[in-house]
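Some notes on the structure that comes next.
By convention in this document, chain letters (A, B, ...) are assigned in the order of the sequence lines, proteins followed by strands, and residues within each chain are numbered from 1.
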2 protein chains.
Amino acid sequence: MATLQKSIDKRNALIQATISLVNNNGFHATPMSKIAKMANVSPATIYLYFENKQDLVNTTYIAVKAIYTQYAFETYDEKMEVVKGFEIIWKRIADFKLKESEYAQFLAQCDNTPMIDEPSRKEGIKHLQPLLDLWERGKQEGTIKPISDYLLYAYSINPLSFLLMAQERGAFKLTNEHLEHAYQAAWNSIKA
Amino acid sequence: MATLQKSIDKRNALIQATISLVNNNGFHATPMSKIAKMANVSPATIYLYFENKQDLVNTTYIAVKAIYTQYAFETYDEKMEVVKGFEIIWKRIADFKLKESEYAQFLAQCDNTPMIDEPSRKEGIKHLQPLLDLWERGKQEGTIKPISDYLLYAYSINPLSFLLMAQERGAFKLTNEHLEHAYQAAWNSIKA
DNA sequence: TTAATAAAAATGAACGTTCATTCTTTTTTA
DNA sequence: TAAAAAAGAATGAACGTTCATTTTTATTAA
């Protein structure tokens with residue numbers, strides 16, 4: 001088939017170029033020509049892999065989101081206790097944001113601008129299901145506060161986000177102690 | 001003088017149009033022509049009030065930031081106790097984000113994209129000085145944790161941000177109880 | 001007060017550029 | 001040698017900005 005013959009490397013190069021350029025300039029200040037150049041490809045070639053610019057960025061968003069959630073749940077097992085599960089997932093997310101900061105930054109930008117269309121946004125959220133399941137379990141057994149999943153996620157991810165934001169802006173140097181502190185704050189805010 | 005004769009109304013209309021359009025479409029998807037149309041002005045007229053598009057958006061950012069901080073400190077007095085001061089400012093910020101949500105949304109977008117240039121960003125931060133002073137006082141008298149202002153701000157504003165984010169996305173309906181809860185979480189995370 | 005005039009403000013059309021996308025041709029693969 | 005993939009050049013639309021003019025406002029002279 002046509003699609004299968006096309007080089008997966010080229011597709012990946014295009015996605016990587018998109019991430020890098022959008023991170024530095026934003027969606028609308030990133031021309032297709034530059035994406036092509038960075039991926040060592042002709043502008044026209046992009047259109048063999050993606051419908052248009054919007055499709056390229058949507059696809060990139062979903063791909064990065066998938067990488068993110070896969071990383072987050074890598075060492076998590078549904079049979080774990082709720083407390084343990086929360087700790088593991090939380091720390092994996094922290095790890096991801098630190099070690100894969102380019103991906104993390106891209107996701108942050110996508111989530112704060114009108115750059116991704118609604119269907120793709122919804123698609124990206126689906127992958128968080130294991131975390132929602134964990135919370136449901138925690139609420140049922142009384143380990144976790146009986147509030148909406150949205151709030152739970154907000155509270156639990158919150159200390160981490162700002163820690164990283166502050167660090168990114170060069171406000172201070174992040175230590176393990178900081179992270180542990182943030183993690184405790186997160187757990188305290190959601191535990192029953 | 002030339003500048004003084006120009007209509008302040010027109011300038012304000014341009015700033016308001018910028019806020020509204022950038023909120024809905026983002027900086028680069030907001031053409032000068034549309035800003036002009038919304039402000040009932042010719043495109044060329046914009047350039048009598050602002051150097052160029054970047055200057056328009058920088059100026060708008062600083063203006064909105066000024067409105068924000070003025071609101072935040074409106075009922076605050078430097079002679080208040082630290083706990084009281086924190087509560088008042090925190091709740092004013094919450095109020096602002098709820099009641100002046102268009103301004104708040106604009107600031108959020110500016111703070112999460114490469115849309116504002118660095119000098120204007122720095123300019124915008126200056127206005128938060130009274131809060132920094134309050135924290136310094138809190139740290140000296142031992143009421144507040146001895147950590148960096150950046151972290152303090154991060155922790156304290158965090159529960160609020162996510163509450164509002166979740167609400168904005170229609171996840172749930174915000175109540176006073178939610179806000180009180182978030183405020184307590186904020187204070188707990190920074191108190192000594 | 002009015003008419004004449006100068007200056008400022010505002011305008012719509014036009015310019016040059018940039019961009020996403022398509023078209024035609026060339027290269028690669030099977 | 002035929003079909004798929006890739007390329008570069010071309011296209012047309014959209015944009016920020018400027019230009020030449022007109023309209024409005026302020027000033028002066030009668």
Side-chain angles (χ1 to χ4, degrees), chain A residues 1-61 106 109-110 113-117 119-120, chain B residues 1-61 109-110 113-117 120:
Chain A
M1 291 311 298
T3 307
L4 290 180
Q5 282 175 311
K6 291 187 230 163
S7 150
I8 199 84
D9 288 348
K10 229 161 250 180
R11 206 187 118 103
N12 286 339
L14 284 167
I15 287 183
Q16 286 303 324
T18 302
I19 294 168
S20 166
L21 289 168
V22 167
N23 267 357
N24 288 316
N25 313 313
F27 173 59
H28 282 286
T30 300
M32 295 297 257
S33 56
K34 270 193 194 156
I35 297 176
K37 191 166 283 176
M38 185 173 245
N40 286 317
V41 138
S42 159
T45 303
I46 301 181
Y47 293 85
L48 299 174
Y49 293 85
F50 305 95
E51 258 182 59
N52 49 38
K53 194 182 177 185
Q54 187 63 56
D55 179 44
L56 168 59
V57 76
N58 283 341
T59 305
T60 303
Y61 173 70
F106 180 77
Q109 180 145 188
C110 289
T113 62
M115 150 183 165
I116 302 295
D117 64 22
S120 304
Chain B
M1 291 311 298
T3 305
L4 290 180
Q5 282 175 312
K6 289 188 232 163
S7 150
I8 200 82
D9 289 347
K10 230 160 250 181
R11 205 187 119 104
N12 286 340
L14 284 168
I15 287 182
Q16 286 302 326
T18 302
I19 294 168
S20 166
L21 290 168
V22 167
N23 267 357
N24 287 315
N25 312 311
F27 173 59
H28 282 286
T30 300
M32 295 296 258
S33 56
K34 271 194 194 155
I35 296 175
K37 192 165 282 175
M38 184 173 247
N40 286 317
V41 139
S42 160
T45 305
I46 301 181
Y47 293 85
L48 299 175
Y49 293 84
F50 305 95
E51 257 182 60
N52 49 38
K53 194 181 178 185
Q54 187 63 56
D55 179 44
L56 168 59
V57 75
N58 283 340
T59 305
T60 303
Y61 173 71
Q109 180 145 185
C110 289
T113 61
M115 151 184 164
I116 302 295
D117 65 21
S120 303

In whole angstroms, how far is the [atom2] atom of [N] from the [atom1] atom of [X]?
| X | N | atom1 | atom2 | answer |
| --- | --- | --- | --- | --- |
| A/Y49 | D/dA4 | OH | P | 14 Å |
| B/N40 | C/dT11 | CG | C1' | 13 Å |
| A/R11 | D/dA5 | CZ | P | 14 Å |
| B/I46 | C/dA13 | CD1 | C1' | 16 Å |
| A/I8 | D/dA5 | CD1 | C1' | 15 Å |
| B/K37 | C/dA13 | NZ | P | 11 Å |
| A/K10 | D/dA5 | NZ | C1' | 7 Å |
| A/F27 | C/dA20 | CZ | C1' | 10 Å |

Sequence neighbours left out, cut at 3.5 Å: what donor-acceptor pairs do the side chains of residues 20-34 of chain A make with other protein atoms?
residue	atom	partner	partner atom	Å
A/N23	OD1	A/F106	N	3.2
A/N23	ND2	A/E102	O	3.1
A/N24	ND2	A/S20	O	3.1
A/N25	ND2	A/L21	O	3.3
A/T30	OG1	A/L21	O	3.3
A/T30	OG1	A/G26	O	2.7

Stretch residues 16-24 of chain A: residues that reach within less than 4.0 Å of DNA chain D through a heavy atom:
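Hits under 4.0 Å, by residue number: none.
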Give every pair of a protein N or O atom and an N or O atom of nucleotides 14-16 of chain C that lie under 3.5 Å apart, one pair per line with the distance.
none

side-chain hydrogen bond (donor to acceptor under 3.5 Å, both in side chains) partners of A/E51, counting only residues at least two apart
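side-chain hydrogen bond (donor to acceptor under 3.5 Å, both in side chains) list for A/E51, sorted by chain: empty.
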Residue list, side-chain hydrogen bond (donor to acceptor under 3.5 Å, both in side chains) with A/T59, at least two apart or on another chain:
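Expected list: A/D55.
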Under 4.0 angstrom between B/S42 side-chain N/O and C/dA10 OP1 or OP2:
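Result: no.
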What is the distance from atom OG1 of B/T18 to atom CD1 of B/I46, rounded to the nearest 0.5 Å?
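Here the rounded value is 7.0 Å.
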Let me confirm one number: the CZ-CG distance from B/R11 to B/L48, rounded to the nearest 0.5 Å.
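That separation rounds to 12.5 Å.
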Quick one: closest heavy-atom pair of B/S42 and B/A36, and the distance?
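Closest heavy-atom pair between B/S42 and B/A36: C-CB, 3.8 Å.
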Please report the closest heavy-atom contact between B/I116 and B/V57, naming both atoms and the distance.
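So the two residues come closest at CD1-O, 3.8 Å.
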DNA chain C: 5'-proximal contact among A/K34 and B/V41 (nearest heavy atom):
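Result of the comparison: B/V41.
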Before you tell me yes or no, could you show the steps for A/Y49 and A/S7 under side-chain contact (heavy atoms from CB on, under 4.5 Å), namely the whole-Å CA-CA distance, both residues' side-chain angles and the distance that decides it to 0.1 Å?
CA-CA 9 Å; A/Y49 293 85; A/S7 150; 4.0 Å; yes
Set of residues satisfying side-chain contact (heavy atoms from CB on, under 4.5 Å) with respect to B/D117, sequence neighbours excluded
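B/Q54, B/N58, B/P119, B/S120.
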All side-chain contact (heavy atoms from CB on, under 4.5 Å) counterparts of B/N12, not counting sequence neighbours:
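With sequence neighbours excluded, B/N12 shows a side-chain contact (heavy atoms from CB on, under 4.5 Å) to B/I8, given in chain and number order.
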With the side chain counted from C-beta on, respond yes when A/F50 and A/I15 share a heavy-atom pair under 4.5 Å apart, and no when they do not.
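They are in side-chain contact.
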What nucleotide among D/dG8, D/dA6, C/dA9 has an atom nearest to a side-chain atom of B/L48?
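Given the options D/dG8, D/dA6, C/dA9, the side chain of B/L48 is closest to C/dA9.
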Close N/O contacts between protein and nucleotides 21-24 of chain C (under 3.5 Å):
residue	atom	partner	partner atom	Å
C/dT21	OP2	A/Y47	OH	2.7
C/dT21	OP2	A/K53	N	2.9
C/dT21	O5'	A/Y47	OH	3.3

